[in-house]
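These notes are about the structure you will find just below.
Just so it is clear, the model here is predicted, and its values are computed rather than measured. Each ligand, and each atom within it, is numbered from 1 in the order the structure gives.
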Amino acid sequence: MIKSLLSLAASAAIAATLAVSLPAGAQQNYQPEYRLSTVLGTAFPWGKGGERWAELVKEKTQGRINIKMYPGTSLVAGDQTREFTAIRQGVIDLAVGSSINWSPQVKELNLFSLPFLMPDYRAIDALTHGEVGKDLFSIIEKNGVVPLAWGENGFREVSNSKREIRTPADMKGLKFRVVGSPLFNDTFTALGANPTQMSWADAQPALASGAVDGQENPISVFTGAKIHAVGQKYLTLWGYVADPLIFVVNRKVWESWSKADQDAVRAAAVQAGSEETALARKGLTTADNTVYKNVEALGVKVTHLSPAEVDAFRKLTRPTYDKWSKTIGAGLVKKAEAAIAARK
Ligand code: X2X
């Protein structure tokens, strides 16, 4: 009797110690670690954004939520077009992902890949920070994933190893690595080029070996991955599409957190997203164009197109725009066009 009372007291003491050693407010169903997926690591604004989100979450939840980042989409073996499904299924707990990589599952996200829809940064902001952004978040939510904030990969510029691109004719026959949304195949085919889809993990060796002649990515990716060093000597600034990044959480994980912690994770995502966007745009504006200068200093020929030159590309890709508008939804595309026309 005394013995069992003693052991009862002992286990109560152990329980009390355990409760004390848990951080304030932590619930038993919190995991010791949450897995955050990104494509790019900390050599790029994208990975820095993920790292910053994790850091801010830790701070704002007093360590209750501990996030580890897995760049290289390593949680899905580099297959970035499977990332969204993995978040939905809980293989991934959180992600900072590109609209392009998730568009095979969320077809409305193809909006940002419509060629020449967004002429400048204000146009991107008019979409992501307006009604269109809200609509897209509710679509993502309906797909079983909780969206919290926007970030940015950037305007995607075209590079290659063969020759300067000034007109669509210059692209004829060139082999380009394109990302995993079929819309990109259509766009490059319409321009007379030879597109081939592959993951970012496969793209780098393909560029290095010359299996492909060119690629398209934001300049921060071009410089971060140092692809000038594998012969990408020509870079044309045509700004034909831009991909925002979206900060999201798996729904079950989200629902396992207290309201206060949900608010903290959301506030951290908004802050990390806006810092990341600023970083992605740094040096790429008329006020500060140091990035272009730095790329030229690497021996890359940087070609700026005039509005008339851009029009030639726009004209040839218009049928692709129209075809994909139907897939995205004519109503959403109209709303986006109106928001861009009215941008401040
Ligand atoms: O694969 C790409 O080109 C990248 C890194 O930009 C994306 O993940 C969309």
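- Each of the following atoms of ligand 1 lies closer than 4.0 Å to a heavy atom of N153: 6 (O).
- Residue V39 has at least one heavy-atom neighbour below 4.0 Å for each of these atoms of ligand 1: 5 (C), 8 (O).
- The W200 neighbourhood of ligand 1 comprises atoms 1 (O), with distances under 4.0 Å to a heavy atom of that residue.
- Interface of S98 with ligand 1, defined as ligand atoms under 4.0 Å from a residue heavy atom, comprises 9 (C).
- Between W46 and ligand 1, no N or O atom pair is found at a separation short of 3.5 Å.
- Distance CD/E141 to CH2/W254: 9.0 Å, rounded to 0.5 Å.
- The single protein non-hydrogen atom nearest to atom 8 (O) of ligand 1 is N101 ND2, 2.9 Å, given as residue, atom name and distance.
- Ion pair K293/E296 not flagged as a salt bridge, since none of the NZ, NE, NH1 or NH2 atoms sits closer than 4.0 Å to an Asp/Glu carboxylate oxygen.
- Under a 4.0 Å heavy-atom criterion, Q215 is not in contact with ligand 1.
- Rounding to the nearest 0.5 Å gives a distance of 9.0 Å between OG1 of T128 and CE of M118.
- Although no hydrogens or angles enter the test, the distance criterion places no donor-acceptor pair under 3.5 Å between the side chain of R177 and the main chain of L207.
- Counting only heavy atoms of the protein, atom 6 (O) of ligand 1 lies nearest to N217 OD1, 2.6 Å.
- Under the 3.5 Å distance criterion, the side-chain polar atoms of R35 are left unmatched by any main-chain donor or acceptor of Y70.
- Look at V221 and you'll find every heavy atom at least 4.0 Å from all atoms of ligand 1.
- Atoms of ligand 1 found under 4.0 Å from any heavy atom of R177 (numbered from 1 in listed order, with element): 1 (O), 2 (C), 3 (O).
- A donor-acceptor contact under 3.5 angstrom links the side chains of S98 and D243, judged on distance only.
- The OH atom of Y234 sits 12.0 Å away from atom CG of D213, with the distance rounded to the nearest 0.5 Å.
- Close contacts between ligand 1 and V179 involve ligand atoms 1 (O), 2 (C), 3 (O) [criterion: under 4.0 Å to a heavy atom].
- Interface of D243 with ligand 1, defined as ligand atoms under 4.0 Å from a residue heavy atom, comprises 9 (C).
- Under the rule for a ring-ring contact (aromatic ring centres under 6.0 Å, His included), F116 has no partner lying at least two apart in sequence or in another chain.
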